[in-house]
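Reading through the structure tokens given below for one structure.
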Amino acid sequence: MTRRYDPCAIEEKWQKTWESERLYSVREDPERPKYYVLEMFPYPSGDIHMGHVRNYTIGDVIARYKTMAGYEVLHPIGWDAFGLPAENAAIKSGTHPAEWTYANIEKQRASLKRMGFSYDWDRTVVTCDEEYYRWGQWIFLKFWERGLVERKSSAVNWCPSCRTVLANEQVLAQGECWRCKSTVEKRELEQWYFKITNYADELLDGLEALPGWPERVKAMQANWIGRSEGADVDFVLCDAEGRPSETIITVFTTRPDTLYGCSFFLLAPEHPLVHELVHGTSYAGPVAEVVEAAAKETAVERMAGERETRGAFTGRHVVNPVNGEKVPVWVADYVLMEYGTGAVMAVPCGDQRDFEFARAYGLPIPPVVIAEDDPALETLREVTGRVVEDVAWDHAYDGPGIMVQSGPFTGMRTGKGGPGVDAVIEWLEARGSGRSAINYRLRDWLISRQRYWGNPIPVVHCRLCGLVPVAEADLPVRLPRAVDITAGETLADHPEFYEVPCPSCGGSARRETDTMDTFTCSSWYYLRYCDARNDSAIWDAEKTRYWMPVDQYIGGIEHAILHLLYSRFFTRVFRDMGLVESAEPFTDLLTQGMVRKDGDVMSKSKGNVVAPEEMIARFGADTLRAYILFMAPPDKDLEWSFEGLEGMYRWLGRVWRLAVDIAEENGCASSSPSAGDAASRVLYRETHRVIGKVTADIERFGLNTSLAAMMELTNAAYDYRAGTPAAERDHALMREVARTLTLLLAPYAPHMTEELWSGVLGQEGSVHRQSWPTFDEDAARAEQVEIAVQVNGKVRGRITVPAGLDENAVIDAALEAVASHLEGREVVRTVVVAGKLVSVVAR
RNA sequence: GCCCGGGUGGCGGAACUGGCAGACGCGCCGGUCUCAAAAACCGGUGGCCGAAAGGCCGUGCGGGUUCGAUUCCCGCCCCGGGCACCA
């Protein structure tokens, strides 16, 4: 037993012991409550970095704590192993993506073990393993059966650098590819989709059932789904002579109550009717200019803020269903084909964009909703027909107000979601020219990728039978190894892969050569952990019933709308299939902050990376673990500090020496007159106060403050030892302090505490199999309390009184303590906060 | 423009539902031990005034509620993030 804390001498020894004893293997135990703690699994691009260390340490502390607190804890790990980085790395180094991927997995596995994480390694999943991805294909087939798979042609995001399409969620705000940051292009392509929009409502409403998720993540998801409620309104198109035709153009609007203010009508430049409307007319030229200019514009330019809107008249009109008025149809480049119907009713008095367009092209701006304090209201209040064609305003008004010039609705109170909205919808519905409707910003999830290193889509294209899914019995469609991606090959270059007989008619057919988005692999891995080695089913529903949902999920905020939304979608589909019970996969979510250095996120390109392995080599995994938890609350960014790491090493050394000293002194015969003296009572109380504080702090993720509390206990023990001669110390108490501190610290510094437990303190079994210390509230209660005394809001004195002293006695003592401040004044009032302070109001 | 965070000593950060602002750590200063250093241990450390006792100021800014506000309310400023011609 050395007096010096030497992590190198103990950490790897215990890691081997834990592994050979399978200390962290778990099984369903219906007798005990379960707890499922999960950290987002890593992508195997190189070795683990500080972000992983932080993520996994947080999870490991929770897992170990919950185990000690009596739960059966599922704490698994795996790898998100398909994807582009492997291909890019393979091209660069001339290897195969599989080789690169598996080599990195081994490297990371060793590093995770070196950190001492308590994973159940028997449940590991690797998404590029055939035994895993075959179930991903199975999911595809099940989604197909449920009508959740669609192949359609549409304008999609194309990354020229990654040479593949991307989902909307994978395009950043600036129109950049989420992986390589190249500018994304729009292309019209036929692709595979998962119909996540079928679940748009559920996914939005379900957020309310997630109180354990950060507001910010829920807000981002709600924003992304973007539900808006309103109405679809049918406008009848007039022919070139101005007579109503058979063609109806429907628009979506959130403000049907402003229909009377519609003075023109807009089509997106990409709208399929545009060409037909102007073909062969004098309007064709100017309209074509607008259409072509819009087509040339990139997403970046489109989003670049201040731009001039362009538009052109088509020469045609539509009929406004509420008043039969004919309004001109224009093409305008601020109308998006992707949202709503690609056609918009323009109400310039109520919409700023329409307002600006009207001013630019000299179109009328009749007012239909007026604020109650607007003087114009007086003259228009009773007018049902239109007498004012233009407003004197300098901007549109979209606030609440009174409807004017609005036929039978004139005089009605209205606004967004106001009574006027419902009244107009009702009116439209009664006449069959409109109906209430909901629109979403969320698009279906584009899942096909024109890349090799992914899960093959299990479908065959047959000229006769069309799209034919591969039979379940024929799964998996194996990803062939012999594809030379360094030569730019994909599956489409390998006839031996794609030339297959049609599963339906047996004729010659072509296998789909696209692979699935990696996010399809990560959308269900947490379910597979529940039954990772099952080779006859995706999982046994009994097992997911026991473990699911994940009680605590921990990972980066960058997945707020990608992985976290997709997983919620998958889980809801599985629920509908009867494969799981809960509709939500993750009960509580913690989004951990980033690890920074010199103000920037650690990254290779910034050159400010601190490698975990180097820190482990110098200070040990326990120091690194405790340090990274101590420096900031888990959800906040953390600024790396080498001095801070050294400080943590010093404290662990202090705890170590304390335990060693106590163990050595234990043999000394205690003269024991001290038992029960003031100093021991203080230390005993402090021990219990800290047990309570650490427990409460872990429960609310205050991992930094829980360590601070343990430091306070350490300091108290040193104070006691400094103030009490060895012969007079209460050795039983000292031993209790050492034992308690070891148990409390076990989740944070698992190796050191294991060594202290059995090696130094001579206890039986693994410290990680012990029960969490019980907090005795009575034991923590102080005998004497210090009370602050305020006079008119300022602290003017302090008194120390026995806890629980009668209130009047406390006031007397308090008044005496601040007597000098009360001279010549009259005490008007006293407020007592039990055990904390007395506030005296004097005049 | 809309929606989320955040602003506290030299630094990282504490302060539970309105109750002693600055726990804990880093850094810095001083001391003990030592030939010396390191390590370790002990003490100090928000600012200003003061020899001290003590006083005044202090949680981005300005108001308000309250015996009492880092915490609640109103109005701003700054920083970070998300969304954005979404009809």
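All values below were derived from every heavy atom in this structure, side-chain atoms included, with hydrogens, water molecules and symmetry-related copies excluded. Just so you know, these numbers come straight off a predicted model, no measurement behind them. Below, read A as the first sequence line, B as the second, and so on, with proteins coming before strands; counting in each chain starts at 1.
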What does the list of N/O pairs under 3.5 Å between the protein and nucleotides 44-46 of chain B look like, with a distance for each?
none

- Task: Over 60° means perpendicular and under 30° means parallel, so classify the ring planes of Tyr649(A) and Tyr5(A), tilted if in between.
- Result: tilted
- Item | Separation of atom CD1 in Ile561(A) from atom P in rG82(B), rounded to whole Å | 9 Å
- Task: Please determine if Arg441(A) forms a cation-pi arrangement with Trp224(A), meaning its NZ or CZ atom is less than 6.0 Å from the six-membered ring centre and no more than 45° off the ring axis.
- Result: yes
- Query: What integer distance in Å separates Met648(A):CE from rC26(B):C1'?
  - Reply: 11 Å
- Message: If you count every heavy atom of other residues, nucleotides or ligands that lies below 6.0 Å from Gln784(A) atom CD, does the total exceed 12?
- Response: yes
- Message: Quiz question: by atom type and distance under 3.5 Å, do the side chains of Asn715(A) and Arg654(A) form a donor-acceptor pair?
- Response: yes
- Query: If you check the Asn715(A) side chain, which of rC57(B), rG55(B), rG25(B) turns out closest?
  - Reply: rG25(B)
- Note on the structure: Result for 5'-nearest mapping on RNA chain B, choosing between His821(A) and Leu707(A), is Leu707(A)
Tabulated below should be each protein N or O lying under 3.5 Å from an N or O of nucleotides 27-34 of chain B; please produce it.
{"residue": "rG27(B)", "atom": "OP2", "partner": "Arg650(A)", "partner atom": "NH2", "Å": "3.2"}

- Task: Give the stems involving RNA chain B, where a stem is 3 or more consecutive Watson-Crick or G-U wobble pairs (i with j, i+1 with j-1, and so on) under 3.5 Å.
- Result: B:1-7 with B:77-83, B:10-12 with B:24-26, B:27-32 with B:40-45, B:46-49 with B:54-57, B:60-64 with B:72-76
- Task: List the steps and the verdict of side chain to side chain contact (heavy atoms under 4.5 Å, CB included) for Leu652(A) and Leu745(A).
- Result: CA-CA 10 Å; Leu652(A) 290 182; Leu745(A) 188 54; 4.0 Å; yes
- Would you call Asp697(A) and Arg700(A) a salt bridge, taking side-chain N to carboxylate O under 4.0 Å as the test? yes
- Item | Side-chain donor/acceptor of Asp637(A) to backbone N/O of Met594(A), under 3.5 Å | yes
- Note on the structure: Here the distance between atom P of rG82(B) and atom CG of Leu562(A), to the nearest Å, is 12 Å
- Query: With a non-hydrogen cut-off below 4.0 angstrom, is Gly340(A) in contact with a base, only sugar-phosphate, or nothing?
  - Reply: nothing
- Quick one, give me the B/S/- string for nucleotides 2-19 of chain B, reading 5' to 3', where B means a protein heavy atom under 4.0 Å from the base and S means that only happens at the primed atoms, P, OP1 or OP2. -SS-------BSSSB--B
What N/O pairs connect the protein and nucleotides 59-62 of chain B at under 3.5 Å? Give each pair on its own line.
none

- Message: From CE of Met220(A) over to C1' of rG80(B), roughly how many Å is that when rounded to an integer?
- Response: 13 Å
- Message: Looking only at the side chain of Tyr718(A) (C-beta and beyond, no hydrogens), which of the listed nucleotides rC57(B), rC83(B), rC41(B) gets closest?
- Response: rC41(B)
- Check the distance between rG68(B)'s C1' and Lys794(A)'s NZ and give it to me in whole angstrom. 12 Å
- Query: Taking syn as any angle within 90 degrees of 0 and anti as the rest, which one fits rG9(B)?
  - Reply: syn
- Query: Starting at CG of Asp6(A) and ending at P of rA39(B), how long is that distance when rounded to a whole Å?
  - Reply: 17 Å
- Message: Using only atom types and a distance under 3.5 Å, with no angle test, would you say the side chain of Glu786(A) pairs donor to acceptor with the backbone of Thr800(A)?
- Response: no
- Message: The test is ring pair (Phe, Tyr, Trp, His ring centres under 6.0 Å); show your working for Trp330(A) and Tyr361(A) and say whether it passes.
- Response: CA-CA 10 Å; Trp330(A) 286 62; Tyr361(A) 291 95; 5.1 Å; yes
- Message: Both Arg353(A) and Glu712(A) contact RNA chain B. Taking the nearest nucleotide for each, which residue is further toward the 5' end?
- Response: Glu712(A)
- For the pair Tyr627(A) and Trp640(A), name the ring-plane relationship: parallel under 30°, tilted 30 to 60°, perpendicular over 60°. perpendicular
- Message: Measure CG/Leu267(A) against C1'/rA87(B) and give the value in whole Å, please.
- Response: 13 Å
- Which part of the nucleic acid, if any, lies within contact of Arg843(A), taking any heavy atom under 4.0 Å across all strands shown: a base, the sugar-phosphate backbone alone, or nothing? nothing
- Message: So, OP1 or OP2 of rC67(B): does either fall under 4.0 Å of a side-chain N or O from Thr830(A)?
- Response: no
- Query: For Glu786(A), which contact category applies under a 4.0 Å heavy-atom criterion: base, sugar-phosphate, or nothing?
  - Reply: base
- Please check the phosphate of rG68(B) (OP1 and OP2 only) for any side-chain N or O of Arg796(A) closer than 4.0 Å. no
- Answer with base, sugar-phosphate or nothing: what part of the nucleic acid does Lys218(A) contact at a heavy-atom distance below 4.0 Å? nothing
- Query: Expressed as a whole number of Å, how far does the C1' atom of rC72(B) sit from that of rC24(B)?
  - Reply: 28 Å
- Query: Can you name the residues that form a side chain to side chain donor-acceptor pair (under 3.5 Å) with Trp213(A), not counting sequence neighbours?
  - Reply: none
- Message: Please check this pair: side chain of Ser263(A) against backbone of Pro364(A), looking for a donor-acceptor N/O pair closer than 3.5 Å.
- Response: yes
- Interatomic distance, Asp635(A) CG vs rG81(B) C1' [rounded to whole Å]: 14 Å
- Note on the structure: Taken to the nearest 0.5 Å, the spacing of Arg255(A) CZ from Cys262(A) SG works out to 14.0 Å
- Message: For rC41(B) and Arg654(A) - does any side-chain N or O of the residue sit under 4.0 Å from the phosphate oxygens OP1/OP2?
- Response: yes
